[in-house]
Amino acid sequence: MNRVDGPLKVAGRATYAYEHWEGGQPLYGFIVGATIGRGRITRIETSRAERSPGVHMVMTHHDTPAQGTPDLSIPFEYWRAYPVLSSPDVHHYGEPVALVVATTFEQARAAADLVDVEYAGGSGSYDFAACEDQAYAPDGLAYGIIPTDTTVGDIDAGFDSAPVRIDVRYTTPYELSQPMEPHACLVVPDGEDLIVHVSTQIVDAARSSIAGTLQIDPERIHIVTPYVGGGFGSKLRIHAETILAVFAARALRRPVKVALTRQQIFHLTGVRPRSSQRVRLGAQRDGRLVAIAHEVTMHTNRHSEYIEPTAATTRSLYAAPHRLTSHRLTPLDLPRGEDVRAPGEAPGLLAVESAMDELAGALGMDPVELRTRNEPTTDPERGVPYSDRHLVDCLREGARRFGWERRPATPASVREGPRLVGYGMAAAIRGHLQAATTARVRLAADGTAVVRTDMTDIGTGTYTILTQVAADGLGLPLGRVRVELGRSEYPVSPGSGGSWGAANSSTAVHRACEALREKLVATARNDARSALHGLDPAGAKFSDGIVSIDGVSDALSEIVARNHPDGVEAEGETLAMTDDPNYRDYAFHTYGAHFAEVRVDADTAEIRLRRMLGVFSVGRVLNAKTARSQLIGGMIWGVGAALEEEAVVDPRSGAFVTRDLAQYLVPVHADVPDVDALVLDGYDDKANVLGAKGLGELGICGAGAAVANAVFNATGVRVRDFPITLEKVLPGLPSLET
């Protein structure tokens with residue numbers, strides 16, 4: 001099925017946060033950022049800016065209202081208060097020191113340059129490598145649910161006993177989500193209430209965070225976000241632009257718009273932490289792993305701790321009796337770490353799957369065969385069965401379709417003119433998450449259904465799949481279902497993130513339709529005017545707007561019109577993982593296998609992806625078209641992680657010097673030739689009634705490692721410091737004469 005929101009988007013009629021005009025002509029805000037990385041404001045002079053044309057106010061830490069502080073007892077930080085301009089202290093470069101509000105955006109931006117700030121600079125820590133020895137073991141759990149460290153067996157003894165050992169360290173850089181739609185909002189005062197049009201992935205989190213910051217009743221906050229132009233983790237929580245717009249709108253009693261520039265996004269939204277990952281693999285000569293250790297050190301903001309579960313994905317991937325995973329944090333004066341596209345799995349698999357390729361080389365074994373030999377029968381650390389696991393099927397089908405048998409056995413041995421050709425592959429795994437979700441389905445007297453939930457569509461196709469699920473659940477044509485999303489007045493969901501959105505919201509809608517069917521059949525059975533009066537409801541079938549029992553039928557619209565002239569509705573729920581016994585008794589994951597072919601110029605070391613294939617197992621697919629699109633998009637992010645993406649820090653100030661898309665490189669069309677994704681037929685009956693699992697981020701997991709392994713196969717040069725750039729490959733390239 002094509003996307004139901006597609007025509008709106010191509011016609012420009014899908015309205016995003018910054019495009020709303022509710023409340024009349026808005027004012028525009030522009031954020032002034034700190035020009036030091038650590039210190040304190042000693043003087044801030046705003047008079048010149050206040051006299052500038054069109055300026056309505058200049059807000060500093062002297063003017064902001066009392067603000068709540070983050071409640072650390074709330075496990076997910078997205079729901080916590082987010083104080084801004086709460087003190088003269090500067091915690092990282094670019095942190096807001098003022099907000100200028102003017103009649104036009106241009107006036108606000110011009111006046112922002114007139115705000116004069118003096119600082120007492122402190123001694124900041126910005127160099128991760130230089131400070132890595134200051135790393136500490138965090139208390140508690142990542143996201144409040146994931147242990148930071150695990151051990152099984154005796155890793156040192158197991159590793160030392162292995163006849164074949166790999167002990168290597170990989171580093172990954174700071175990365176950012178960079179959605180096409182910048183972080184933006186419009187805040188409209190409505191009496192004591194605030195209507196907040198904001199680009200966010202989780203409506204309930206945005207509402208709670210704003211209310212917690214303002215220290216007011218969440219019922220006073222009304223979030224509106226029907227369309228979100230990408231998030232990739234960066235909009236799981238709200239940021240400074242939203243809180244400052246809220247302050248300004250309340251103070252001026254006028255609608256206020258604030259959007260981050262592309263440059264500001266680099267400092268005012270969170271980053272994927274830089275990491276240093278030590279991977280140890282010990283194996284028997286037949287390739288079976290004896291020991292696997294994955295130890296990660298990453299950056300964290302000194303004042304806002306964030307643990308990316310980078311080593312957690314290793315816990316369920318391969319069998320080995322001796323195991324260790326750990327996470328350590330290095331405090332720096334840089335922007336806070338936050339979720340970025342497959343947090344944990346993306347950088348973690350980049351390291352582990354590269355190390356597996358190194359182990360295959362040391363063993364003289366095919367990389368696909370090595371992975372199949374280490375397939376576990378139960379979760380290696382939890383000791384519970386998998387709900388559904390088809391990783392080996394993905395590996396074998398991918399190898400067959402890709403033509404893996406043509407892979408050069410010897411690195412740097414195949415040339416096409418001046419170019420070296422190489423193949424690489426990697427496995428993919430990602431945990432499947434479930435969170436409490438509620439959806440409401442209402443059937444009107446004319447037989448049309450309306451689905452409501454505060455779930456968001458961040459470009460992934462939520463409108464489409466919920467339309468399908470509701471139409472299927474009520475036996476209605478697709479055109480008689482309307483899905484309404486992204487409002488805080490609708491039933492609460494965990495929104496879009498962590499690849500949990502589709503399965504959670506679809507299950508809730510399915511259950512709402514089940515409850516609604518039961519109501520309707522009971523109504524018809526007890527209605528003497530209905531042809532279904534007195535019949536056994538157990539055999540009821542819904543199809544094409546008709547309810548039938550044993551060959552006798554009644555129109556759905558007639559049942560509703562006779563008995564529920566104002567409409568009839570029902571709600572459905574999805575349980576949280578902690579309340580669902582299946583998530584205690586089984587290990588839930590999605591799986592995949594990536595295959596890549598690259599060409600590397602033997603003179604310049606320029607790397608070009610020639611083709612890429614991913615084969616995935618995700619349970620039941622709700623929409624094949626949107627699923628394939630998401631997986632291909634994820635694979636492209638993996639290409640970027642392997643070859644291009646890197647936010648570079650100025651060690652003198654803590655500023656990101658690569659703070660636009662001319663210098664922070666992401667894949668563009670010319671970088672992405674032949675990329676394809678295949679999803680195996682499946683149904684995970686332990687996951688939910690639909691048998692579906694999340695897939696949005698799975699395409700990223702392991703994709704970068706497949707490209708990196710292909711570069712090694714082409715050149716014989718193993719780069720362990722990502723991204724793989726020209727200067728890292730060129731010195732090791734073989735001579736064309738040899």
Side-chain angles (χ1 to χ4, degrees), residues 16-19 28-35 37 77-78 82 84-85 90-100 105 108-109 112 173-186 197-202 205-206 209 225 227-245 257-274 299 301 304 306 308 333-341 343 346 458-459 496-497 637 640-641 644-650 653-668:
Y16 293 85
Y18 200 70
E19 299 173 330
Y28 293 82
F30 192 89
I31 296 172
V32 181
T35 55
E77 68 167 356
Y78 325 132
Y82 194 92
V84 182
L85 293 183
V90 175
H91 304 103
H92 63 82
Y93 187 95
E95 183 177 7
V97 297
L99 175 74
V100 178
F105 172 81
R109 181 173 58 184
Y174 302 105
E175 295 175 350
L176 293 99
S177 294
Q178 295 298 326
M180 184 178 294
E181 178 200 20
H183 301 70
C185 65
L186 163 67
H197 300 269
V198 60
S199 186
T200 185
Q201 294 176 236
I202 309 177
S209 185
T225 180
Y227 299 100
V228 180
F232 311 112
S234 70
K235 296 175 184 175
L236 287 168
R237 69 156 310 126
I238 48 90
H239 292 95
E241 80 287 344
T242 304
I243 296 299
L244 291 174
K257 285 186 176 184
V258 181
L260 298 184
T261 66
R262 184 60 61 180
Q263 291 77 15
Q264 287 175 328
I265 288 174
F266 283 82
H267 292 111
L268 295 181
T269 66
V271 302
R272 190 196 300 282
R274 182 174 175 181
H299 119 275
N301 177 273
S304 179
Y306 170 75
E308 182 171 17
D333 300 295
L334 294 175
R336 61 196 294 155
E338 288 184 2
D339 297 337
V340 174
R341 306 179 243 121
I458 60 174
S496 301
W637 282 124
E644 296 179 318
E645 287 192 67
E646 181 179 20
V648 178
V649 174
D650 185 336
S653 65
F656 285 117
V657 296
T658 50
R659 54 178 180 262
D660 58 40
L661 295 180
Q663 298 179 80
Y664 181 84
L665 303 181
V666 297
V668 298

Provide the closest heavy-atom pair for [X] versus [Y] in the form atom of the first, atom of the second, distance.
{"X": "Ala205", "Y": "Leu236", "answer": "CB-O, 4.1 Å"}
{"X": "Leu176", "Y": "Gly270", "answer": "CD2-O, 4.2 Å"}
{"X": "Ser209", "Y": "Arg237", "answer": "OG-NH2, 3.2 Å"}
{"X": "Ala240", "Y": "Pro96", "answer": "CB-CG, 3.7 Å"}
{"X": "Val228", "Y": "Tyr16", "answer": "C-CE2, 3.6 Å"}
{"X": "Ala184", "Y": "Ala17", "answer": "O-CB, 3.8 Å"}

If you define the side chain from C-beta out and look only at heavy atoms, does anything of [X] sit under 4.5 Å from [Y]?
{"X": "Pro273", "Y": "Tyr306", "answer": "yes"}
{"X": "Glu338", "Y": "Glu77", "answer": "yes"}
{"X": "Tyr227", "Y": "Glu19", "answer": "no"}
{"X": "Lys257", "Y": "Phe105", "answer": "no"}

*Any side-chain donor near an acceptor of the partner, Tyr78 and Asp339, under 3.5 Å*: yes
*Check the pair Val271, Leu334 against side chain to side chain contact (heavy atoms under 4.5 Å, CB included), reporting the backbone distance first and the verdict last.*
CA-CA 9 Å; Val271 302; Leu334 294 175; over 6 Å; no
*Residues in side-chain hydrogen bond (donor to acceptor under 3.5 Å, both in side chains) with Thr242, at least two apart?*
none
*For Tyr18, check side-chain hydrogen bond (donor to acceptor under 3.5 Å, both in side chains) against everything at least two apart and list the hits.*
none
Keeping [X] on the side-chain end and [Y] on the backbone end, is there a donor-acceptor pair under 3.5 Å?
{"X": "Arg336", "Y": "Thr269", "result": "no"}
{"X": "Glu645", "Y": "Val666", "result": "no"}
{"X": "Thr658", "Y": "Val648", "result": "yes"}

*Could I get the full list of salt bridge (charged side-chain N to carboxylate O under 4.0 Å, His left out) partners for Asp660, not counting sequence neighbours?*
none
_Holding to salt bridge (charged side-chain N to carboxylate O under 4.0 Å, His left out), I want the full list of residues that pass it with Glu241, two or more places apart in sequence or in another chain._
none
*Determine which pairs satisfy salt bridge (charged side-chain N to carboxylate O under 4.0 Å, His left out) with at least one residue from residues 173-182, sequence neighbours left out, and list them in order.*
Glu175-Arg272, Glu181-Lys235
_Rounded to the nearest 0.5 Å, what separates atom OG1 in Thr225 from atom CD1 in Ile202?_
11.5 Å
Please report, to 0.1 Å, the donor-acceptor pairs under 3.5 Å made by any side chain of residues 259-268, with sequence neighbours excluded.
unit_1, atom_1, unit_2, atom_2, d
Thr261, OG1, Gln264, N, 3.1
Arg262, NH1, Gln178, OE1, 2.8
Arg262, NH1, Pro179, O, 3.0
Arg262, NH2, Pro179, O, 3.1
Arg262, NH2, Met180, O, 3.2
Gln264, OE1, Thr261, N, 3.0
Gln264, NE2, Ile31, O, 3.0
His267, NE2, Phe656, N, 2.9

*Using the side chain to side chain contact (heavy atoms under 4.5 Å, CB included) rule, take Val100 and Tyr28 through it: C-alpha gap first, then chi angles, then the decisive distance, then the call.*
CA-CA 8 Å; Val100 178; Tyr28 293 82; over 6 Å; no
